[in-house]
Structure formats: structure tokens, C-alpha cells
Protein chains: 4
Amino acid sequence: MVAGMSSHPPLPPPSRTGRPRSVEAHAAILRATRAALVDLGWSKLTMGDVASRAGVAKTTLYRRWANKSELVVDAVAVLFDELRLPDRGSLMADVEGVVLQFAALLDRPEAKTALMAVVAESTRDEALRKRIRSAIVDRQKCLVLLGRERAQARGELPYEDDPAQAARNADLIFDIIAGAVVHRALVSAEPVDREWAHSFSLLLVNGLTSGVASESES
Amino acid sequence: MVAGMSSHPPLPPPSRTGRPRSVEAHAAILRATRAALVDLGWSKLTMGDVASRAGVAKTTLYRRWANKSELVVDAVAVLFDELRLPDRGSLMADVEGVVLQFAALLDRPEAKTALMAVVAESTRDEALRKRIRSAIVDRQKCLVLLGRERAQARGELPYEDDPAQAARNADLIFDIIAGAVVHRALVSAEPVDREWAHSFSLLLVNGLTSGVASESES
Amino acid sequence: MVAGMSSHPPLPPPSRTGRPRSVEAHAAILRATRAALVDLGWSKLTMGDVASRAGVAKTTLYRRWANKSELVVDAVAVLFDELRLPDRGSLMADVEGVVLQFAALLDRPEAKTALMAVVAESTRDEALRKRIRSAIVDRQKCLVLLGRERAQARGELPYEDDPAQAARNADLIFDIIAGAVVHRALVSAEPVDREWAHSFSLLLVNGLTSGVASESES
Amino acid sequence: MVAGMSSHPPLPPPSRTGRPRSVEAHAAILRATRAALVDLGWSKLTMGDVASRAGVAKTTLYRRWANKSELVVDAVAVLFDELRLPDRGSLMADVEGVVLQFAALLDRPEAKTALMAVVAESTRDEALRKRIRSAIVDRQKCLVLLGRERAQARGELPYEDDPAQAARNADLIFDIIAGAVVHRALVSAEPVDREWAHSFSLLLVNGLTSGVASESES
DNA sequence: CACTAAACGAGACGGTACGTCTGGTCTTCCC
DNA sequence: GGGAAGACCAGACGTACCGTCTCGTTTAGTG
């Protein structure tokens, strides 16, 4: 599930006939998109500029992505392929690890300017929301799930019997971690450094391990 | 401190001479901006449309705001004037209260579509970042500070001696609360209902009250 | 020499590549420009209005003409393609003929409102001056040259040995004829009718002191 | 400066009579208009620029002139006050004189750019046409009438019995002279120098067929 | 090997919004 | 009570980008 399946779907009908779509063009476009994000930021990035950076016609872009938002989602999604969570031996250390991983990603200028923008766009675009979820959010959530499994194996966290409750719980933790990091980095615009990661993790783990988080109410 | 003084600065030089700027126009523009956000969303909102909704010339907009982002920040900022935090008797209940307040705000379509967008824009615009902080973020943070004071008065939380550490701590809590709510509402696109607020508050308060959150390291 | 070749140059680089410029659009724009001149006059004519009359985007106008003046020159230039000078048998009659031809042209509302305006504009725009010369003035001057040739063939006028002097002479006569007609029609705003044309021609051919200028006819 | 005291700057007398400022403002505006015409030309001249050059509010301009065209007519009209026609002793010489007078006027950049423009504007504005006639055209026509009187007094031209015919005749001559000079200067954009004035006058006085039009001089 | 179907680059197309500028009008305060 | 200062509305300006389209040209696989 965490396997590096990064075959994005914009090559859907591998038509038997006709000239096949250029693979180099595909890669060049995504590369050019990231470069344009770094140079120009989301709002000043234009399809024409991406095309000319990639040495490609605008037509070629629109043959593969419906609009700027979807292109950018795919372009930054590959950054999330790098996410790994080495086992650091404790829940606390693993949380710190995942926080710093997220933070490092958000520190890259192409991610910083693009992520919030596409999310903002997705509030009015269901298709985009789905694409973001599958290309970005799910990749992040894997790390949270992985961390929980490890903590449960270590005995730091109990196993949850109700799978629905387990899912809700994971979602909550994911929203807390990702939300806090994003808010710190982009809204407060303060660095997510080792100290902050430590304080945050301490607070989160203490809350998690008090064992009452999974109670439910009507 | 929480008093609702919302005189935003785009009337900076109250020039002695010439015709003064219309106050009704100012209000009409902000109202029209929110209406346009509801109808069109951030990305489809145009200055011309706002102007005509407000019964005002485009010139009048540009005389007061440098661009769409700054206008929208001011337009949604007034929503945050409504934030209040009634004393519910316990830290846990107060956190739930603030979470639901934030969530109610984010549920309004004009806020939903605008907030992430202006934050995204602010990653490349220092002036905008400042405007967001003073017009929006600081208003929210007041609630967190108020909640902590109450909890300390009740004896639920210890007083912090080092003021710098106290400030860091408040910032951390604020990033967690605001970040989690925003992430849940906009990225995960799931409802911030009473149940979620309860689970979140439980987790946070357990973490907070374990008393070790304020330790520092080099 | 008088042949009605009216291929104006705004299609200069017949580029091998890319989508070719639409010929129908070209014609529709010039037609729409003349219609707008008739309805609105020079000063109220706008590029946007021309575009929408022609069923064309503003971009398409600006891709072909640098500004309103150049567009209008091309639009009215085609009117001058209709100029013909049938041989009426005598210098005097031919002058009357050319005068009435010019006058008929200036009577058209699209020409009336546009010609002076573009000439006024050309006093500060060298490129426009050249365009007017090639698109309009040269077309008119042909008639003067043709009339002189006929008069020389008839023996009414001597052949000029010095070609430079011949050119100067033709220019002088052209300035007199065109200038008088334009001044009568637009500055004095009086009709250039058959009677005026007769008086003018008589004066031009015979001079002030011949004493025949003041004869009248029915 | 010698007779010291507190030298009140440019507003010399605290006059008790009505409007000391008004008259100089009037002159300053016309002066500023001509300066703006020289610097910017007709089409780029703006009321705001004229006002600020004249040290006057836009309101003051519009209180006195209905629009830009009327202002410019008045501004250039004063140039025509300088027109004089010294008696040079012969019809031919007087024609040359008037031609060179007109030409000198048209050579001034403020006149060159403005005259055609207001005439163009007047094709759709009856009030403007009247203002041009009384402020400019009539001033010029006086010279033609004066020249004819002198020629008649000298016996070079006959007296005309029919006053209507006399008027028509003067109009014709005026259109020829003014038209030719304007066309030469602005449309052909060639200099109206002594040589051209001579050739023109010769032709006008003697006619095309007199065969003397093509003589040349140094 | 020719044929065909699709992708390719180039660039023009209709639209739409931008942010600025100007024309004229209106308020407000000062002299 | 005239005048400067400047805000106001209306709307054109010329530019930029969007996403689509029409070209003529590759570049495969298929017949």
C-alpha cells in the first residue's frame, strides 16, 4: 500500500492505434510546473509559461490535464512520494519524525505556494478534491497509519476493536498533525524546527496515551 | 482587548482637503465582496463584479485596496469580529466551544473559499501576510489566550513563569486548534460536528493537563 | 498602375506554421469599423465595439493593428479603391470629374469623420503617416497623374522635360485639388456640388486673373 | 526687493474688486493648453494635465469650457490673432504673403496637432463647428477679403456687382488657399517654403493653362 | 510499404478580467 | 461664494491568460 505506485492516471486509454503520448513530455511538464511554481508562485503561474519551459505546446498540456489546478496537483504530488517513516523506536520519536517530514516538504517553495492554493480551489471543485485526496492526502495518511501500527506493536497504544472507530481516530490524529504543521508553517509563518516538533509531539503523545481518547458519546 | 473595534486601515490619510472617501461605499464594497464570494468563490470573483454589486466604480476599489487579496482579507475579517467565548465552566468545555466557533465560521461559504486562498497568496506577499495576521489571526488567538486565563484561574492549568515560554505555548496550542479544525473542514472536507469536537478536545486537554507540555529543551 | 490591388499589409508574415489568420475575420473587422464610424464617428468609436460588431475578440484586432488609427486607415482605404476617372474629353471636364469623385467620397459619413482625425493623429506618428500615404494618398494622386497624361495627350498641357519638376508640379496640383475639396467639405462645411466644382475647375485651369472665374451657370 | 517689507508672492493686490484670480487663471489655462499640445499632442492631452499645468482645479476648466475640444479651439485661436497682411504691392505677392503666414502658423506644433483634430471632431458637433468658424476660420478669411480689396483697388481684379457671387468667390478662393496649404503641410507633410508658395501663387493667379506654372526659380 | 490514427509544435481564435486612465461630475473645506 | 483638492461614476484602454481550434508535421502501429 505504501509501495511506490506513482502511475498517475492521465494516461488512461493506452490506445492501440496512433502515435503514443510522449513520456518525456509528461515528465518535462511536471518538472517545468514545479520550476514555475518556485519562480512565480501559484497565482502567477500560467499554462503558457509551463508549456514553453517544457518545450511543449499548450495543446499537449490540455490533452493531459483539464486545467491548471489538476496539473499542479500532479506536479507537487511526486514530492510526497519521498515521504518515508523510519522506525525511531518510540511513538514520540515517530511523531517527531513525521512532523519534520511534513515540515521539510512544506518548506520547499513549490509545495508552499501550491498546496493551500489547490485546497482552496478544491472547496468548489469536487473532481479536484478527489484528485488531491488520492494524490496527496492518502500518501500522508499512510505515515500516520504506519506509525500507529508500530506503536500498537510496541504496546504504546491499544488495539482498537471497532474498525470504524479506529478509522475515525486515525483521521483525527492525521488532521491534528497535518493541520498543526501546515498552520504553523503557512499561517503563523514560523519555522517548524526540532524544538517545536518536540513540544508538539509531547503534547500529542500525552493526549494519546492517556487512553481516554477513544471513548465515544451518543 | 477583544473589543470589536474593526476600523481597518484603508482610510489611512484622513486628508484635510478634497472630498472625503465615502463610508457607505466602503461598507457596500465589503458586503458585496462577501456576497460575491458566496456566489462565485475566490477564483471566479472579479473586481469588476464586486464593483457593480456594490454600485461603485472599479476605480473606487483600487483607490482603497491594492488587489483582490487585500480586499478579500478585509471583507472576511469582519466575520471574525463575531467570535466570542462564553465561559462554559471547564477547560474541556471551553476548547469544545472555541472549536465549534471556528468550525461555524469555516462553514460559511464566504470564509471557506477565501481563507485558504489568501493564505496561499500570502506565501509570496509579505504585506498580505501582515494584513492577515492583524485582521484575522490575532482575533482568533485572543480566544485561546482568554481560554487559558480562565483555565489558570480555575486551577486547571498552571501559571507559566517565563513569559516567552508562555507565548510559545499559546502559539503551539493555537496552531493545533486552528490547524486541526481547518484541516478537518477544508482538506479532509468532513464535518466538524459535536462529536469530532469532543474527541479532539479530549485528546488536546489530556495532552495539556499531563503537565509536561511546558518543559523546554536546548 | 490604377489597378485596384488592395492587399493591405497587416498579414505580413505568411508564417508557415501555426493556425493561419482568418481572412473572414479580417474583412468583417474592416466592415464593422466602417459601420461603427457611420454610427458613432471617430471619437466615439471603440475597439471593443468594433470587435463585437465583427463577432471577433478584441485580441484579434490588436494582433493585426497596433491602434485605432491604423485600423481606421485600412478600413476607409478600401473606399478609395472605387476611384475611377473616366475620360470626359477635356482637361476642364476631367478636373470637374475628379473633384466630384473626391467630393462624393468625402460625403460618405465614414470618410468624413475619419479622414481628418487620422491625419491629425499622423502629425505625431510617422508610421501612421506612411500608412496613410500608401493606403490613401497615393490612390488619389494616381487620378491627378492620369488626368495630366490625358491633357498632355490632347495637347492641353505641355510635356515637362525635367521629371523632378514634373513631380513637383503634380504634387502641387494634387495638394490644390484635394486640399480645396477637403477644406470646402469639412472646414467650410459647404456642399461640393456641380456648381462649385465648375467654378473651382475654371479657376484652376484659367487662374484668378483670367476674369472668367466669376461667370455663373444655371 | 529693495522696497522690502513682507513681499506677498505672486498674488499682488488684495483687490477689493470681484475676481482678480479669474482673469489670470483664464490666461494660464489657455497657455497650459498650448504647452500640453506641444508636449503631448491632441490625443494625449488630458484635462487633468492641463489643470495641473495651470495650477487650477479641473472644476475651473469645466466651468468655462464644455469639453476638451472647445478648450483647445480657444487655446489655438489666439495664435490666429497674430495674422497680418502687409501690402506687398501686387496680388501675386500678397497671395504669397498669406500663404506663408498660414504656413508659419501651421508649422507651430500646437497648431499642427490641434487644428485637424478639432475639425474632425466638428464633423459631428454643430456647436464646435460654429466655435471654430468664429474663432479661427473667420480670422483667416479676413486676410483673403483684404487681399481682394487691395487687388481690386490696384485694378488687378474686377469689382463684383453681385454681392452673393462676390461672397461665393471669396469662399472659393479661401478654400483653395487654406486647403492647399493645409494639405501640403499636414497630408503631404512637405514644407511650405518660399518656392512652393511662389509656384502655388503663380498657378492660382494665372491658371494651369497659362504655361507659366512650371517655371522654376533658385 | 503505404495507410491511418493519434499526438505533436505553432499560433490564431473568442472570451474575460486585469489594473490604469480619462472625461466629466460631485462634495468638502478653505480663503 | 469662488476655487483647490480630490473622490466619485462610467467606461475605454491595451495586455495577459484561458482553454479551444485549426493548421501542417511527426511517429507509431497495422494491412
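Lettering follows sequence order; numbering is per chain, from 1. We use all heavy atoms of the structure for the numbers below, so side chains are in, but hydrogens, waters and symmetry mates are not.
A salt bridge does not link K44(C) with D39(C): none of the charged nitrogens is closer than 4.0 Å to a carboxylate oxygen.
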Per-nucleotide protein contact along nucleotides 13-21 of chain F, 5' to 3', at a 4.0 Å heavy-atom cut-off (B base, S sugar-phosphate only, - neither), is SBBBSSBBB
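Residue pairs satisfying the salt bridge (Lys or Arg N to Asp or Glu O under 4.0 Å) criterion with at least one member in residues 115-125 of chain B, sequence neighbours excluded, are absent.
Remark: C1' of dC26(E) and CZ of R21(B) are 16 Å apart, rounded to the nearest angstrom. Taking atom CG on L40(D) and atom C1' on dC21(E), their separation rounds to 14 Å, with Å as the unit. Rounded to whole angstrom, the span from the CD atom of E24(C) across to the P atom of dG14(E) amounts to 10 Å. Between L61(C) atom CG and dG15(E) atom P the separation is 13 Å, expressed in whole Å. Distance CD (E121(D)) to P (dG23(E)): 12 Å, rounded to an integer number of Å.
Between T123(D) and W42(C), every side-chain heavy-atom pair lies at or beyond the 4.5 Å cut-off. Considering only heavy atoms from C-beta on, D74(A) stays 4.5 Å or farther from R64(A) through its side chain.
Between T60(D) and the phosphate of dA4(F), there is a side-chain N or O to OP1/OP2 separation shorter than 4.0 Å.
Here S69(C) contributes atom OG and R129(C) contributes atom CZ; the two are 12.5 Å apart, rounded to the nearest 0.5 Å. Interatomic distance, CZ of R34(D) versus CZ of R53(D), reported as 12.5 Å (0.5 Å rounding).
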